[in-house]
Amino acid sequence: QFAGDDMEEGIDPSVDDLDFILPKLNVCILIVGTHGDVLPFCSLAKQLQERGHRVRIASHEVHRQTVTSRSIEFYPLAGDPKQLSQWTVQSGGR
């Protein structure tokens, strides 16, 4: 169960109760942003790994250490996240 999930009284939504076999997934999470944007997705990636899924985070090179230090696969994206952030602020994201 993911943190923050609420259980209805008397209902246990555990994986053991599924009527089907959930296949193991290959998941790629694409993150463009700051260190603060990357960290929550590292937690999500770890939760998915604990459930047997293969997870890779694709982000800018500056975030490699943050991701790999948590034993999560990393795929580098091109570009400068600082430039992108500056453009987003200046343009209002339009």
message = Tell me whether Lys46 at atom NZ has more than 12 heavy atoms from other residues, nucleotides or ligands lying less than 6.0 Å away.
response = yes

query = How close do Pro81 and Gly33 get, heavy atom to heavy atom, and via which atoms?
reply = CB-O, 4.2 Å

ask   = Distance-only, no hydrogens or angles: does the His63 side chain make a donor-acceptor pair with backbone N or O of Val32 under 3.5 Å?
value = no

Separation between CG of Leu44 and CD1 of Ile57, rounded to the nearest 0.5 Å = 8.0 Å

task = First locate atom OH of Tyr75, then atom CZ of Arg64, and finally report the distance between them rounded to the nearest 0.5 Å.
result = 10.5 Å

ask   = Can you tell me how far the CG atom of Leu48 sits from the NZ atom of Lys24, to the nearest 0.5 Å?
value = 11.0 Å

ask   = salt bridge (charged side-chain N to carboxylate O under 4.0 Å, His left out) with Arg70: which residues, sequence neighbours excluded?
value = none

remark   = Rounded to the nearest 0.5 Å, the OG atom of Ser69 sits from the CZ atom of Phe74 at a distance of 11.5 Å

message = Tell me every residue that passes salt bridge (charged side-chain N to carboxylate O under 4.0 Å, His left out) with Glu73, counting only those two or more places apart in sequence or in another chain.
response = Arg54, Arg56

query = Leu25, Ile29: one ILVMFWY side-chain cluster at the under-4.5 Å cut-off?
reply = yes

ask   = Any side-chain heavy atom of Ser59 sitting closer than 4.5 Å to one from Val67?
value = no

inquiry  = Within this structure, what is the CG-CZ distance for the pair Leu30 and Phe41, rounded to the nearest 0.5 Å?
reply    = 9.5 Å

task = Nearest 0.5 Å please: distance from the OG1 atom of Thr66 over to the CD1 atom of Ile31.
result = 10.0 Å

